[in-house]
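Everything on this sheet refers to the single structure shown next.
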Amino acid sequence: MSDQSQSPINHTDVIAVKDYLMSLQDHICAELEGLEPSIRFHQDAWDRPNGGGGRTRVIAGGEVIEKGGVNFSHVMGDTLPPSATESRPELAGGRFEAMGVSLVIHPKNPMAPTSHANVRLFVVYKEGLAPVWWFGGGFDLTPYYGFDDDCIQWHQAAKDAVEPFGDGYYQRFKSWCDDYFYLKHRGEPRGIGGLFFDDFNEGEFQHCFAMMKSVGDTYSKAYMPILSRRKDLPFNERQRDFQLHRRGRYVEFNLVFDRGTHFGLQSGLGRTESILMSLPPEVRWTYEYQIEANSPEAKLTDYYLTPKDWLAE
């Protein structure tokens, strides 16, 4: 990646991205509310003295969604935090603005997978350099009890979202997702993957923006059919207990490894309640927790959480 090869960016470009992100938040919330018979998202609008702010939307205690959050944020700062310059040390000390939509949905039913998605734009302003911009995002799926057709549908949607923008993008971003959402201390993936990309500025700004939009728009198309199929399946206390223990892995990843969480907390510009809305409402850790060999629970790690090309199989 070469910053000198970037197409120029102006205020109009940034406003267009912000308008899209806010409309995406509205659309996803409406889609999810359509599955709930009585509850709706609660919104907290928040502002920062420097002009940044956001809209945090949380839904909880539903018949389908035990807890979910769909957040829009637009924050600005005078100094990049360490999490943002880890791979771009030449930008240290620059002013920045970051905007994005980030969401996590934790269904009530253990047969329905947790899902996560994020799309974002980052712009750095540093004296002596033209504004440096890049996009990031993706979506990933974390099942507790897996279904092959869910995994295939999810990855087909991921491929359809990015392949029109570049040959090999799906395989590249799938591999990136598998590598990123990996709990090193556990030696296991967080889920079955999907897409992940960051520091993306290949080609013209509008081309990169269009790809980010495609990823954002595809999330609902990929997840809603899966959630609709699984939300009413019967489950028992053993399956609920397994779901709560597996949610613990989700919490560990978000607090230990997730760059977005680290950026929000390190920058001091995010809203802590909004940053941590991704954490599930109930979770369980048991010392030396073990599952029975060859059980339905063991199939998650033995089969679903192993490297796979779901579209080839």
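Residues: numbered from 1 along the sequence shown.
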Please list every donor-acceptor pair under 3.5 Å in which a side-chain atom of residues 98-114 meets a protein atom from a residue at least two apart or in another chain.
from	atom 1	to	atom 2	distance (Å)
His106	ND1	Thr114	OG1	3.1
His106	NE2	Ser278	O	2.8
Asn109	OD1	Met111	N	2.8
Asn109	ND2	Arg230	O	3.4
Asn109	ND2	Lys231	O	3.1
Asn109	ND2	Leu233	O	2.6
Thr114	OG1	Tyr144	OH	2.6

### Message
Does this structure show an ion pair linking Asp309 with Lys174, if we count only N-O contacts that are shorter than 4.0 Å?
### Response
no
### Task
Over 60° means perpendicular and under 30° means parallel, so classify the ring planes of Phe165 and His207, tilted if in between.
perpendicular
Let me have the donor-acceptor pairs involving side chains of residues 53-63, under 3.5 Å, with sequence neighbours excluded, atom names and distances please.
from	atom 1	to	atom 2	distance (Å)
Arg55	NE	Gln25	OE1	2.8
Arg55	NH2	Met22	O	3.1
Arg55	NH2	Gln25	OE1	2.7
Arg55	NH2	Asp26	OD1	3.3
Thr56	OG1	Trp46	NE1	3.2
Thr56	OG1	Ser274	OG	2.3
Arg57	NE	Gln43	OE1	2.6
Arg57	NH1	Asp26	OD1	2.9
Arg57	NH2	Asp26	OD1	2.9
Arg57	NH2	Gln43	OE1	3.0

### Task
Could you tell me whether Lys213 sits above the aromatic face of Phe209, with NZ or CZ closer than 6.0 angstrom to the six-membered ring centre and within 45 degrees of the axis?
yes
### Query
Can you hop from Leu24 to Met224 via hydrophobic side chains spaced under 4.5 Å?
yes
### Query
Does the side chain of Asp148 pick up a donor-acceptor pair with the side chain of Tyr303 at under 3.5 Å?
yes
### Message
If we count only N and O atoms by modelled type, under 3.5 Å, do the side chains of Asn118 and His116 hold a donor and an acceptor together?
### Response
no
### Query
Do Gln153 and Arg229 have side-chain N/O donor and acceptor atoms under 3.5 Å apart?
yes
### Query
Hey, what's the ring geometry for Phe122 with Phe96, parallel, tilted or perpendicular (30° and 60° as the breaks)?
parallel
### Task
Output all residues satisfying ring-ring contact (aromatic ring centres under 6.0 Å, His included) with Tyr180, sequence neighbours left out; order by chain, then residue number.
Phe196, Phe253
#### Entry: Lys/Arg N to Asp/Glu carboxylate O, Glu97 vs Lys18, below 4.0 Å
no
### Query
Taking the six-membered ring where the residue is Trp, are the ring centres of Tyr223 and Tyr219 under 6.0 Å apart?
yes
### Under 3.5 Å side-chain donor-acceptor pair for Trp285 and Glu252
yes
#### Entry: Aromatic Phe257 / basic Lys184 pairing, under 6.0 angstrom, 45° off normal
yes
### Message
Whether Glu282 and Arg246 form a salt bridge (side-chain N of Lys/Arg under 4.0 Å from carboxylate O of Asp/Glu) is what I want to check.
### Response
no
### Query
Do we see a donor-acceptor contact under 3.5 Å between the side chains of Arg190 and Asn254?
yes
### Query
Is His185 atom NE2 crowded by more than 12 heavy atoms from other residues, nucleotides or ligands, each under 6.0 Å away?
yes
### Query
So, Phe135 versus Phe200, ring centres under 6.0 angstrom or not?
no
### Message
Tell me if the centroids of the rings in Phe205 and Trp133 come within less than 6.0 Å of each other.
### Response
yes
